[in-house]
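Keep in mind that what you see is a predicted model, and the values were worked out from it rather than measured. All residue numbers refer to positions in the sequence shown, counting from 1.
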Amino acid sequence: YEQRDNLRARPDIQIAEYAGPTWVGISFNVADPTRPRDAYKPSGELYEQGKHPIFGDARVRQAFQMGIDVREVIEVAYEGNATPLATHFLPRSWAFDASVEASVYDPAGAGRLLDEAGWKDANNDGIRECRGCLYASDNQPLTVQITVQNGLELQATLIARQLRAVGFNVQTGGNAAESQQHDAYLSQTSVRRYDDPDPSALYGRAADVVQFGTNYGSYYNAEIERLMEEARQVPGCDVETRTALYHQIQQMLRDDPPAAWLFAPNEMVAVQGGVQGFQPYPDDPLWNIRDWVVLP
């Protein structure tokens with residue numbers, strides 16, 4: 001990252017920059033972490049998952065997102081070389097909806113949402129406690145442990161400081177996400193160029209399997225589940241019809257978040273100025289290299 005400004009300043013170099021194939025976010029555990037369960041019983045019936053004492057309330061998840069200054073994290077950890085995201089859908093995807101806007105840093109708004117959700121700093125120690133919240137015991141502090149994937153320690157430190165400013169007591173460490181005994185999980189996920197945009201593996205009930213599934217937070221939204229199923233069954237896999245369905249899903253994921261959406265680190269591709277035919281695609285910058293001409 002520290003070399004990119006030097007390259008941008010050179011007139012003899014052609015550069016292409018775009019959001020890369022990796023998204024970074026903090027997924028929430030919305031189920032009871034003291035009783036991790038698969039979504040389905042062996043008989044096919046659904047288990048009662050219970051509620052996470054903090055993140056079971058969507059208002060708290062929204063406030064958590066609003067309390068993160070994504071731009072600051074990008075500047076400090078990536079020297080500005082990342083793209084804020086509204087959901088996990090990346091701009092490179094044919095299903096990406098550019099009209100769904102990334103969350104805006106709003107600590108005052110986060111505070112109002114937490115007050116409304118019954119999390120208040122009654123003793124003025126800087127940490128909010130449950131005062132009539134939905135799922136936690138009265139007086140329980142708003143303490144959250146974030147499990148951090150290797151390589152994201154700096155990002156976790158920045159985010160923890162930001163969230164403390166709105167009344168969260170954020171600690172890092174804790175249980176592995178696969179155990180479903182965690183509170184939240186800061187991770188980065190790579191998406192290959194030709195991956196289908198169906199997010200069922202992340203947010204579908206069938207992927208909610210302790211230790212083996214990828215819906216680590218036991219997230220479930222009945223309407224999103226229905227739309228994902230409908231998109232998988234579109235006759236002939238019609239792209240326009242599926243795109244419209246995924247656009248609906250993205251707005252719902254923004255409003256009922258299974259994660260705090262952060263950013264995608266940007267990629268830079270550069271060639272000498274004398275190269276003609278340089279037209280890189282994300283994930284495939286050399287797709288037309290047979291047509292390149294290198295001028296002396």
Side-chain angles (χ1 to χ4, degrees), residues 25-37 39 46-70 87 103-148 156 158-175 177 179-186 203 205 208 210 215-225 252-262:
I26 304 176
S27 60
F28 302 116
N29 188 357
V30 299
D32 182 353
T34 67
R35 300 181 66 195
R37 292 180 167 186
L46 288 169
Y47 273 119
E48 172 53 52
Q49 297 276 12
K51 295 289 188 180
H52 190 281
I54 293 173
F55 293 130
D57 188 337
R59 293 171 298 181
V60 178
R61 304 198 301 270
Q62 292 166 350
F64 189 97
Q65 171 79 77
M66 294 163 65
I68 298 175
D69 187 348
V70 174
T87 71
S103 179
V104 176
Y105 177 51
D106 183 4
R112 289 191 294 271
L113 262 181
L114 290 170
D115 285 339
E116 178 187 315
W119 291 95
K120 303 177 182 180
D121 184 13
N123 58 7
N124 294 314
D125 67 349
I127 303 300
R128 294 173 180 266
E129 306 88 28
C130 175
R131 294 287 192 273
C133 65
L134 287 181
Y135 304 117
S137 303
D138 214 36
N139 297 320
Q140 177 181 326
L142 189 57
T143 297
V144 173
Q145 281 200 328
I146 300 180
T147 300
V148 180
L158 294 167
I159 290 167
R161 174 181 56 76
Q162 295 169 354
L163 289 169
R164 289 185 187 115
V166 297
F168 284 90
N169 177 26
V170 176
Q171 303 169 358
T172 57
N175 297 302
S179 72
Q180 298 192 9
Q181 295 176 298
H182 64 301
D183 293 329
Y185 180 40
L186 172 61
Y203 314 122
R205 276 188 163 174
D208 180 5
V210 179
N215 183 358
Y216 303 128
S218 299
Y219 178 80
Y220 173 67
N221 179 302
E223 182 62 10
I224 290 176
E225 190 93 5
M252 291 180 186
L253 290 173
R254 172 74 161 69
D255 297 338
D256 180 33
W261 313 111
L262 300 178

Inset, instruction - Of all the heavy-atom pairs spanning A160 and V170, show the shortest one and how long it is. - result: CB-CG1, 3.6 Å
Inset, instruction - Calculate, to the nearest 0.5 Å, the distance between atoms CG and CZ belonging to N215 and R205 respectively. - result: 10.0 Å
Legend entry - Atom CZ of R161 with >12 non-hydrogen neighbours under 6.0 angstrom: yes
Legend entry - Point-to-point distance, once rounded to the nearest 0.5 Å, from CG of L186 to OG of S27: 9.0 Å
Inset, instruction - Find out whether F28 and H52 are in side-chain contact, i.e. whether some heavy atom of one side chain is under 4.5 Å from a heavy atom of the other. - result: no
Inset, instruction - Have a look at Q180 and tell me which of N175, D208, N29, D32 forms a side chain to side chain donor-acceptor pair (under 3.5 Å) with it. - result: D208
Inset, instruction - Taking E129 for its side chain and A122 for its backbone only, find out whether a donor-acceptor pair lies under 3.5 Å. - result: yes
Legend entry - Minimal non-hydrogen separation, V210 against S179, with atom names: CG1-O, 3.8 Å
Legend entry - Short side-chain to backbone donor-acceptor contact, R128 and W119, under 3.5 Å: yes
Inset, instruction - Output the distance between atom CG (L114) and atom CZ (F168), rounded to the nearest 0.5 Å. - result: 5.0 Å
Legend entry - From CZ (R37) to CD (Q49), nearest 0.5 Å: 8.0 Å
Sequence neighbours left out, cut at 3.5 Å: what donor-acceptor pairs do the side chains of residues 58-70 make with other protein atoms?
| unit_1 | atom_1 | unit_2 | atom_2 | d |
| --- | --- | --- | --- | --- |
| R59 | NE | D57 | OD1 | 3.2 |
| R59 | NE | D57 | OD2 | 3.3 |
| R59 | NH1 | E116 | O | 3.4 |
| R59 | NH2 | D57 | OD2 | 2.9 |
| R61 | NE | P257 | O | 2.6 |
| R61 | NH1 | F55 | O | 2.8 |
| R61 | NH2 | D256 | OD1 | 2.6 |
| Q62 | NE2 | D255 | O | 2.6 |
| Q65 | OE1 | W261 | N | 2.6 |
| Q65 | NE2 | W261 | O | 3.0 |
| D69 | OD1 | R71 | N | 3.4 |
| D69 | OD1 | E72 | N | 3.3 |

Legend entry - Heavy-atom pair of closest approach, residues S218 and A31: CB-CB, 3.6 Å
Legend entry - Minimum-distance pair of heavy atoms, taken over all atoms of G132 and D138: N-OD1, 3.4 Å
Inset, instruction - For R164, check salt bridge (charged side-chain N to carboxylate O under 4.0 Å, His left out) against everything at least two apart and list the hits. - result: none
Legend entry - Residue pair V148 / A156: nearest heavy atoms and the distance that separates them: CG2-CB, 3.7 Å
Inset, instruction - Return the minimal non-hydrogen interatomic distance between D121 and D125, and the atom names on each side. - result: OD1-OD1, 3.0 Å
